[in-house]
Protein chains: 2
Amino acid sequence: MRILLVEDDSALRDTLSQALRLAGYGVDPVSDGRAADNALAANIYDLVVLDLGLPYLDGMTVLRRLRDRKNRTPVLVLTARDGINERVQGLKTGADDYLTKPFALPELEARIEALLRRAAGGQVRLTHGPLEFDLDGHVVSINGEPAHFSVREMMVLEVLMQRAGQVVIKTRLAQKISNWDDEIGVNTIEVYIHRLRKKLEPWGIRIRTIHGLGYLLEPYAKI
Amino acid sequence: MRILLVEDDSALRDTLSQALRLAGYGVDPVSDGRAADNALAANIYDLVVLDLGLPYLDGMTVLRRLRDRKNRTPVLVLTARDGINERVQGLKTGADDYLTKPFALPELEARIEALLRRAAGGQVRLTHGPLEFDLDGHVVSINGEPAHFSVREMMVLEVLMQRAGQVVIKTRLAQKISNWDDEIGVNTIEVYIHRLRKKLEPWGIRIRTIHGLGYLLEPYAKI
DNA sequence: AACAAGATGAGAATTCTCCTGGTTGAGGAT
DNA sequence: ATCCTCAACCAGGAGAATTCTCATCTTGTT
């Protein structure tokens, strides 16, 4: 799997490319829009991670030029926290997903995986009784009815579902969900668990507390 | 199991190496990045505990150099909570786990165990007749039914099961359970043994007392 | 028998969880 | 711009569960 990484901040570029290599991808890091455009014209990539604020040639332009060449390579856009409009514009222009900085590295990896899966035609669903979680589309549904869950709620739920029947330690949950520059308190996790319970218990899906350790998604049993 | 401990604060280094030795690991403590780099080039370790703020050679660099040598030894990174962005960006890079200071010693030990298990491949299940203990998932079940055990009860049970049929000295149990600083009385162990017996004897699982020494999980025999 | 070691039940001390409510900040609507 | 809504996060206190000690009783050893 070959990824083109377009990011002008050199520290971040190094960090990301090393992380992605460790995750098993082949990474070509470039630092400006012109280099990205050239690389995309000359090579075939499985995915592009594209920062928007770039020297020489704007990220948005790179994306537009790519799509103009009828190239459907998945593109994951990185935007600054306050680049609200950019995001909307990016999705319109043909980005497949976006992530606002700062983001948690695991989340980037998760989204990359999801995009690659989608591109490969695969669809990944976690199910637990009447509960379904479409990781690609970030959609949760119960009994086929789409249900509303916030981003954080989904993150917690995803971890719990992936380890259903096993204890997930609270600090581990906190780490999975935190951004990379500050960790959230464990109390926050408790609040999300509380909210998830409110939404899930009416459907017979229970999250058990393991005192002193964490939480566990109980195996589903019909009532 | 051989652990390289890289920590420049001498007090913490001593504390940790002592604790890890008590937990049964072979520990090589070093105090700076250069020493760590040399040690890693010359020896094979099962795990590295790596502080990031180091003299002579930065912890992040040690890690990168290690990975550049295609060395996959698990690395657990320790970071200061206030050592904000600079390192925190890179710390998730190539580290297998990380822990922010200050941390509780039991948590460090738990994560070390988890990393070693993961490196050894696969999940660990202890079984003893109808009793099953999934260490990673922290789930104990009897005859397939999940059973409720408190954290401390699990700790004692784990040691007993790992050395089933052999005598476990009481102080070893006490030390497995004790926290950072304060030791607990021997009677406390007796209480937990008592509780375990109450839960296990109905299923024909017996813990024998070896007077003056400790306890022993009897080989399981059907009734 | 006399002493030491262990078992046991009860409860105090400690730790953990749950939940309410409030602050902040982003994004959308007016 | 300004207001509004909603998500994210944290603080704090009531209540719950666990941990651990103590006092007492039982068992084992010499």
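What you see is a predicted model; the values in this text were computed from it and never measured. Per chain, numbering begins at 1; letters A, B, ... match sequence-line order.
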Problem - For atom NZ of B/Lys199 and atom C1' of C/dA7, their distance in whole Å - result: 17 Å
Problem - Atom-pair distance (CD1 on B/Ile210; P on D/dT27), nearest Å - result: 18 Å
Problem - More than 12 heavy atoms of other groups within 6.0 Å of A/Arg72 CZ - result: no
Practice task
Sequence neighbours left out, what passes side chain to side chain contact (heavy atoms under 4.5 Å, CB included) with B/Ala147? Give chain and number order.
Solution key: B/Ile142, B/Phe149
Practice task
Can you tell me the distance, in whole Å, between the CD1 atom of A/Ile169 and the P atom of C/dT17?
Solution key: 12 Å
Exercise for the section: Verify the neighbour count for atom CZ of A/Arg65: are there more than 12 heavy atoms of other residues, nucleotides or ligands below 6.0 Å? Expected result: no
Practice task
Would you indicate, yes or no, if D/dC20 has its OP1 or OP2 atom less than 4.0 angstrom from a side-chain nitrogen or oxygen of B/Arg152?
Solution key: yes
Handout entry: Separation of atom CZ in B/Phe149 from atom C1' in D/dA17, rounded to whole Å
Key = 17 Å
Handout entry: The single option from A/Val159, A/Ile184, A/Thr188 passing side chain to side chain contact (heavy atoms under 4.5 Å, CB included) against A/Leu173
Key = A/Val159
Exercise for the section: Rounded to the nearest angstrom, tell me the gap between atom NE2 in A/His211 and atom P in D/dT19. Expected result: 7 Å
Handout entry: Side-chain ion pair, A/Arg172 and B/Asp97, N-O less than 4.0 Å
Key = yes
Practice task
Specify the separation, in whole Å, of atom CD of A/Glu201 and atom P of C/dC18.
Solution key: 10 Å
Problem - Spacing of B/Leu173 atom CG relative to C/dA5 atom C1', expressed in whole Å - result: 16 Å
Fill in the blank from the handout: Heavy-atom nearest pair, B/Val139 first then A/Gln166, reads CG2-CA, 4.0 Å
Exercise for the section: Run the salt-bridge test on A/Arg34 and A/Asp58 with the 4.0 Å N-O cut-off and return the result as yes or no. Expected result: no
Practice task
Could you tell me whether the phosphate oxygens of C/dG6, OP1 or OP2, come under 4.0 Å of any side-chain nitrogen or oxygen in B/Lys170?
Solution key: yes
Handout entry: Sub-4.0 Å heavy-atom contacts from residues 185-198 of chain B onto DNA chain C, ordered by number
Key = B/Asn187, B/Glu190, B/His194, B/Arg197, B/Lys198
Practice task
Would you tell me if any nitrogen or oxygen in the side chain of B/Thr209 comes within less than 4.0 Å of OP1 or OP2 on D/dG28?
Solution key: no
Practice task
Rounded off to whole Å, could you give me the NE2-to-C1' distance for the A/His148 and D/dA8 pair?
Solution key: 12 Å
